[in-house]
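Quick caveat, the model's predicted, so the values are computed rather than measured. We name chains A, B, ... by the order of the sequence lines, and we start the count at 1 in each one.
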Protein chains: 2
Amino acid sequence: MTTRTAAQRHAEARASHRARSADCPTNRLLDRIGEKWVALVLKELAEGPRRYGELARTIAGASQKMLTQTLRRLERDGLLARTVTPAVPVRVEYALTPLGQSLVPVMRAVTRWAEENIDRIDVARETYDAHDAERRSQRS
Amino acid sequence: MTTRTAAQRHAEARASHRARSADCPTNRLLDRIGEKWVALVLKELAEGPRRYGELARTIAGASQKMLTQTLRRLERDGLLARTVTPAVPVRVEYALTPLGQSLVPVMRAVTRWAEENIDRIDVARETYDAHDAERRSQRS
DNA sequence: CAGCATCCCTTGAGATACTG
DNA sequence: CAGTATCTCAAGGGATGCTG
């Protein structure tokens, strides 16, 4: 049976596109920096090396598990370096690599735009939600 | 009992921090542009207005549900405008608003960094994974 | 054409308890 | 101090069928 349904063809199109999309550098980067705690970790490390405990205190919103996971993934991507000083107790320090530092200006651009325009977004949302409520009430 | 355990205090600290973090403009923006299909939609609309069907074909990787959801959220945030031309059949066109256009350069900065450095990230990952495999084999 | 509604499964993320 | 391991639950995202 070489015949395929439209649904099958669509699924195949999506599958192949997904593969290409997974290769797309922009999406891959956004997957990473879009993770919940990445922006905060990068922002903190942009100001200098930090010990694990310092990060945990500064980014108090992240659970220990998420913080570790975030740090590991960033380390794996070569954006930060983890240095263990074998002492008692152990001392673990995280610092941005040159690659990680080169990302800082980009993050700053995102941050600046966000701070300058978040109000406009909020206004747009309120307007949209108000109209949305209106529409709903008219239908019912 | 006014006594609270360490766990309770930590939970409270996280809760209050979560509230602040949800207010953080950068995180809110990253939540939006980090969504799976947002970057592709913005990139496409940066080149001009598009009809729903055009977007669906260009961004073939997204399911219909996700594409609609993405467009609605961007519309709600005032980043794009949806124009319905009542005809038979209906014609719906999406275009960036001025606010949406002001975000384009930021997205381009992200894209450029991603394209220039994705290779370094890949190398870092391979190195990291290789060492990881080594560590695992030594333990067992 | 341009969606909406529903079902279902995978993934993200928090809580909790334990360790070198 | 700086983690690891496990459980659980909610959200994200896809497949499918239907509609103005």
| request: Please state how far atom CD in Glu75(B) lies from atom C1' in dG3(C), giving the value in whole angstrom units. | output: 13 Å
| query | Hey, what do you get for CG (Leu42(B)) to CG (Leu96(B)), rounding to the nearest 0.5 Å? | reply | 6.5 Å
| Distance in angstrom units between Lys36(A) NZ and dA10(D) P, rounded | 15 Å
| request: Just call it for Val92(A): base, sugar-phosphate, or nothing, with non-hydrogen atoms closer than 4.0 Å on any strand. | output: sugar-phosphate
| request: Nearest whole angstrom, please: distance from the P of dG14(D) to the CD1 of Ile59(B). | output: 13 Å
| request: Show your working on side chain to side chain donor-acceptor pair (under 3.5 Å) between Gln64(B) and Thr68(B) and close with a plain yes or no. | output: CA-CA 6 Å; Gln64(B) 178 276 325; Thr68(B) 300; 2.9 Å; yes
| Polar contact flag, side-chain donor to acceptor under 3.5 angstrom, Thr97(B)-Gln101(B) | no
| request: State whether Arg73(A) and Glu75(A) are salt-bridged, where the test is any N-O pair (Lys NZ or Arg NE/NH1/NH2 against Asp/Glu carboxylate O) under 4.0 Å. | output: no
| For the student: nearest non-hydrogen atoms of Val38(B) and Arg32(B), plus distance | CG2-O, 3.2 Å
| In whole Å, what is the span from the CG atom of Leu55(A) to the C1' atom of dA2(D)? | 12 Å
| message | Whether the Arg82(B) and Tyr94(B) side chains hold a donor-acceptor pair (N or O, under 3.5 Å, no angle test) is what I'd like checked. | response | yes
| said: Could you tell me how far apart Asp31(A) (CG) and dT11(C) (P) are, to the nearest whole angstrom? | reply: 13 Å
| Heavy atom of residues 66-74 of chain A under 4.0 Å from DNA chain D: which residues? | Thr68(A), Arg72(A)
| request: Identify, residue by residue, the members of residues 47-54 of chain A with a heavy atom below 4.0 Å from DNA chain D, and return them in order of residue number, or none. | output: Arg51(A), Tyr52(A), Gly53(A)
| request: Map Glu35(A) and Val90(A) onto DNA chain C by nearest heavy atom, then report which one ends up closer to the 5' terminus. | output: Glu35(A)
| Does a side chain donor of either Glu115(B) or Thr111(B) reach within less than 3.5 Å of an acceptor in the other side chain? | no
| request: Please report, rounded to the nearest Å, how far the P atom of dT6(C) is from the CD atom of Gln64(B). | output: 14 Å
| Short side-chain N/O contact from Trp37(B) to OP1 or OP2 of dG12(D), under 4.0 Å | no
| request: Mind checking the CD1-CD spacing from Ile33(A) to Glu35(A)? Nearest 0.5 Å is all I need. | output: 10.0 Å
| For dT6(D), does either OP1 or OP2 sit under 4.0 Å from a side-chain N or O belonging to Lys65(A)? | no
| task | Compare every heavy atom of Asp77(A) with every heavy atom of Leu99(A), then report the nearest pair and how far apart it is. | result | CD2-O, 3.9 Å
